[in-house]
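In what follows, a single structure is set out as structure tokens and then discussed.
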Amino acid sequence: MSDFPSSYDPKLVEDSIYNMWEESGLFNPDTVKGSGDRVQGIGPTSFSVVLPPPNVTGTLHLGHATMLAIEDIMVRYHRMKGDDTVWVPGTDHAAIATQNVVEKKLWKEEKKTRHDLGREKFLKKVDEFVKASKDTIHRQMRKMGASLDWSREAYTLDAPRERAVRTAFKMMYDDELIYRGHRIVNWCTRCQSTLADDEVSYKEEKTKFYYLKYGPVVIGTARPETKFLDKVIIVHPKDKRYESMVGTSFDVEWIDGTVKATVVADESAEMEMGSGAMTITPAHSFTDFALAQKYGFEIHQIINEKGVLTDAAGDMAGMPVAQAREKVIERLQAKGLVDHIDENYVHNLSVCYRCDTPVEPLVSQQWFINVNKNVEVRSRKLEKIVGKKQASLKEMAAAVVRNGAIKIIPKRFDKTYFHWMDNLRDWCISRQIWFGHRIPVWYCHAKEARIQNLESRRKQKGLNSKFKILDSEIGCKPIVSIDTPDGCPSCGNSQLEQDPDTLDTWFSSGLWTFSTLGWPQSVNREQATGNSDLKRFHPTSVLETGYDILFFWVARMILMTTYVLGEVPFETVYLHGLVRDEQGRKMSKSLGNAIDPLIVSEKYGTDAVRLALVVGTTPGNDLKLSEKKIEGYRNFVNKLWNVARYVSSQGPGSRVQGSDIDDSTLYPRRPLDPLSPPERYSISHERPGRISVEPGRRNLKGIYLGRSRRLVRRRLKAPSAKRKAKRIDNAYLIPNTLYHTQTVASVYAVCDRGDLQQDKRDK
RNA sequence: GGGCGCUUAGCUCAGCUGGUUAGAGCGUCUCGUUUACACCGAGAAGGUCUGGGGUUCGAGUCCCUAAGCGCCCACCA
């Protein structure tokens, strides 16, 4: 009793209990399997979850805490139930985000840019940062009580994952799914990189909308600074105003002298918009680029990667966009070409979702994954699901959800998933940043150099080249390889240059469920059965994550996995909601309403925090959290603690009447035995629904925990017992949730006791 | 423009395939208790389930409709 304080103090037990468990090795399924009679109950069923890897940019927030709590509940339940259970921890290198953080830090501390350091030194800095950050995150995950198998820890940018990335890249390249091409992309002039469609967000902005006289027509634009070389006027084919002009060409007085303009009819011009006529700028607008491809118009770059004008702007070359806009208008005004200006034009400005910088659509050379090209379906099983032997990435990824091979909870997200998948465009996977998986493509310039050399010598000697050099002979083919190549296979040159770009961070996280389980090596970790992790645990059972990254991540995992393995990455997707503050606002540092899970864990105990995050929530719905709620669960946990204290005070060696609990189980010195599972549970991917444990202040009523089967039975017999019995069922999750106090056993006891008391009262 | 969700006790939310008097926590009120627990106990009050219409023996639950709130996607020369 002396070591049993009258109220629960998490600080006294949390860390030591976690350490005890970790050292016991029971988080590792290999240990569990190998531990003989103690875990004889381990069955053939496996249960596997890979942790959505937190970004190495920062510390854990409540979203992470929610994820850890829910997954820990599922995992602990299955482990106790006797399933071969693994939960794989890891972190994500979060390419752009991390590079940004380190760049900022570098500037603050040393007033240097990454270019001052150079690629190698800069990456070293990033690695240092990442290492420190990872340590913090690991400590925090332990503090949250997550029963992760640390022996299988992974990082999206470590060596095994790099091998997976390169292997997948090569597979796709060989299947001609990966190609390099000029395309218009969203470009962030600050991050100096492309942005995927879903990395662009929109912000409403009031700006000026200019009506300019362009020859005989008036065109409307919000971006006059891009219009130097506009030569095509697009009008709607049914627009009577311009009908007679279609197909004609004429000279037009414009920003820099005259240009020859042509009028083309296309339905993309909206008659109601502006004047109904527009000129197009293919290099800086998505729709214009599409039109240019359709009709074969010239494409001129006006703005460069840094957001300043190119030589195409004549004397305005080198000018930043905003300044150029005014200048252009000034000039047009001088020429009398400004018809009028709408000062109150409101539109959605596209901005970078990370840094809020306005996005410049630019044409550049990038690597893409073709999502529409048909490839062989890799397994019979998937073939059956898709319904054909060849399919596109898109089709496969949609089919597995449509067919039910992957179940999304809550179901309503199916629709949004399909909508997104059906409208998916080719995925741009190259990023112009340094931190990340370098694209595994090498170029050999030897032949090219030799030829140039030869030519210049000929020129020196005053000779003309007799032979025309064929395009295909200039340079060797790019080398795509898993291992860094020693030399060029076609010419033997050992001076190869690797593609400077890195891969979109989602490329590596798309492989996460299987790259963490040994693919492509299929390491043989488990000698008892001879099964590789991949065979043993893939497809994973559940992917549990926030609905906000359904598209960013979940969809891409499905895409990648169905292609690479011909298998689904997971059977169930369980989506949790966002944690909001009391007023329903998003938690953010700037608003000052963010609750730090670690601080409240210190204050109220981890159990209280976990319960507050988990009880009363439903999948896919946001959760409003207040410190008051956490406090409520602190009280609840304390209640359980005192239940245990009371039971143990009944004397050493005593058994609690009506239960198989003795005092040694109440305050265990050893890890919770995985052989004693709760018999039912409710929070699960199998049975979604609100977690409805109703902790009461009332002594026992309403707690209904553990295996008080008699209680359940009695309730069932009572009239109108259906509903109540259900509630009792739901309550079974608690033993999984409470991981620290280990009052699980005492809760069992209390229930039995409560039952007895209840019986007495009834009599 | 397309799609999704929410509206149930003062507050935060459960209520699955329609079935007897609609549930929980917090809060409120009354009474009690200080050797398991004041981070306490016993009990009580509190709801025309957003409005309207329909299907049904029966609707919080299904259908239609209106309103308010919220979210996602697309796009805007």
Side-chain angles (χ1 to χ4, degrees), chain A residues 1 4-9 197-198 202 204 209-212 219-224 226-227 230 233-234 268-270 272-281 284-288 291 345-350 410-420 422-423 547-548 550-551 577-578 580 582 584 586 604-605 608 611-612 615-618 620-626 628-629 631-650 687-702 719-720 722-724 726-727 730-731 746 750 753:
Chain A
M1 269 309 274
F4 226 136
S6 72
S7 63
Y8 176 56
D9 183 357
D197 288 345
D198 42 19
Y202 296 89
E204 197 166 89
F209 192 80
Y210 306 93
Y211 288 87
L212 309 173
I219 58 156
T221 182
R223 302 210 54 191
T226 65
K227 304 236 155 261
D230 283 14
I233 302 168
I234 302 281
S268 62
E270 273 179 54
E272 294 76 25
M273 180 79 191
S275 60
M278 64 175 179
T279 62
I280 66 160
T281 315
H284 302 287
S285 150
F286 280 84
T287 43
D288 294 4
L291 281 169
Y345 178 66
V346 178
H347 72 145
N348 283 329
L349 181 69
S350 33
K411 209 173 170 16
R412 71 183 127 93
F413 283 98
D414 278 11
K415 277 181 202 162
T416 45
Y417 174 82
F418 291 136
H419 185 257
W420 186 83
D422 292 343
N423 292 304
Y547 65 77
D548 51 330
L550 180 64
F551 304 131
L578 269 41
R580 296 175 175 279
E582 262 175 298
K586 232 177 175 168
Y604 301 104
L611 280 166
V615 179
T617 66
T618 36
N621 288 336
D622 294 351
L623 155 77
K624 282 184 197 168
L625 185 79
S626 61
K628 216 171 173 191
K629 187 174 178 189
E631 201 184 315
Y633 285 103
R634 189 264 320 263
N635 295 353
F636 173 61
V637 168
N638 188 59
K639 166 56 67 185
L640 297 183
W641 175 263
N642 275 292
V643 159
R645 184 168 186 249
Y646 173 69
V647 174
S648 79
S649 73
Q650 302 299 302
R687 184 174 166 168
R690 185 168 113 119
I691 300 160
S692 57
V693 174
E694 322 293 359
R697 301 194 304 188
R698 289 135 218 197
N699 201 355
L700 303 172
K701 226 171 141 189
S720 86
K722 204 171 169 188
R723 187 164 236 137
K724 301 224 162 150
K726 248 185 246 163
R727 213 171 67 230
N730 283 346
S746 50
V750 165
R753 204 185 129 72

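Convention: sequence-line order gives letters A, B, ...; per-chain numbering from 1.
The same atom, C1', is picked in B:C13 and in B:U17; the two are 22 Å apart, to the nearest Å. Between B:C49 and B:C69, the distance separating the two P atoms is 22 Å to the nearest Å. Here, B:G60 and B:U8 have their P atoms 15 Å apart, quoted to the whole Å. Taking atom P in both B:G25 and B:A42, the straight-line distance is 11 Å, to the nearest Å. With C1' as the reference atom, B:G23 and B:A14 are 7 Å apart, rounded to whole Å. Taking atom P on both B:U65 and B:A74, the two are 27 Å apart, rounded to the nearest angstrom. When the P atom is compared between B:G15 and B:A24, the two are found 15 Å apart, to the nearest whole Å. Rounded to the nearest Å, the gap between the P atom of B:U55 and that of B:C64 is 15 Å.
At a threshold of 4.5 Å between non-hydrogen side-chain atoms, the residues A:Thr281 and A:Lys227 count as touching. In this structure, the side chains of A:Tyr547 and A:Leu578 come closer than 4.5 Å at one or more pairs of heavy atoms.
Base-pair partner of B:U20: not found among the strands shown (Watson-Crick or G-U wobble, both distances under 3.5 Å). Across all strands shown, nothing is found opposite B:A36 as a Watson-Crick or G-U wobble partner with both distances under 3.5 Å. Using the Watson-Crick or G-U wobble rule with both distances under 3.5 Å, B:G5 pairs with B:C69. The pairing partner recorded for B:C62 is B:G54, the criterion being a Watson-Crick or G-U wobble arrangement whose two distances lie under 3.5 angstrom. Base pairing of B:A42 is made with B:U30, judged by Watson-Crick or G-U wobble geometry with both donor-acceptor distances under 3.5 Å. Across all strands shown, B:U48 forms no Watson-Crick or G-U wobble pair with both distances under 3.5 Å.
Straight-line distance from the CZ atom of A:Arg580 to the P atom of B:C6: 15 Å, rounded to whole Å. Look at NE2 on A:His419: it is 9 Å from P on B:A74, rounded to the nearest Å. Atoms CG (A:Asp422) and P (B:C73) sit 16 Å apart, rounded to a whole Å. Rounding to whole angstrom units, CG of residue A:Asn423 and P of B:G1 are separated by 19 Å. Atom pair A:Phe551:CZ and B:G3:P shows a separation of 15 Å (rounding to whole Å applied). Per the geometry, NZ belonging to A:Lys624 stands 10 Å off C1' belonging to B:C13, to the nearest Å. Between the CZ atom of A:Phe286 and the P atom of B:C75 there is a distance of 8 Å, given to the nearest Å. Summarising the geometry, the separation between CD on A:Glu582 and P on B:C11 is reported as 14 Å, rounded to the nearest angstrom.
Counting non-hydrogen atoms under 4.0 angstrom, A:Thr416 reaches nothing in the nucleic acid. Among the atoms of the strands shown, only primed sugar atoms or phosphate atoms (P, OP1, OP2) are found under 4.0 Å from some heavy atom of A:Arg412. Residue A:Thr287 is classed as a sugar-phosphate contact, given heavy-atom separations below 4.0 Å to backbone atoms only.
From A:Ile234, atom CD1 reaches atom CD1 of A:Ile219 across 12.0 Å, with rounding to the nearest 0.5 Å. Atom CG in A:Leu611 sits 9.5 Å away from atom NZ in A:Lys629 (nearest 0.5 Å). Note: A:Asp230 CG to A:Asp288 CG = 7.5 Å, rounded to the nearest 0.5 Å. Separating the CG atom in A:Leu212 from the OG1 atom in A:Thr279 is a distance of 8.0 Å, to the nearest 0.5 Å.
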Practice task
Go through the steps to decide whether A:Met278 and A:Thr287 satisfy the test side chain to side chain contact (heavy atoms under 4.5 Å, CB included), and finish with yes or no.
Solution key: CA-CA 12 Å; A:Met278 64 175 179; A:Thr287 43; 5.9 Å; no
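Side-chain nitrogen and oxygen atoms of A:Thr618 include at least one within less than 4.0 Å of the OP1 or OP2 phosphate oxygen of B:A14. Put simply, A:Lys628 has no side-chain N or O that comes within less than 4.0 Å of OP1 or OP2 on B:C26. Checking the phosphate oxygens (OP1, OP2) of B:A14, a side-chain nitrogen or oxygen of A:Asn621 falls inside 4.0 Å. Side-chain nitrogen and oxygen atoms of A:Asn635 include none within less than 4.0 Å of the OP1 or OP2 phosphate oxygen of B:C37.
Toward the 5' end of RNA chain B, the nearer of the two residues A:Lys629 and A:Tyr547, judged by each one's closest nucleotide, is A:Lys629.
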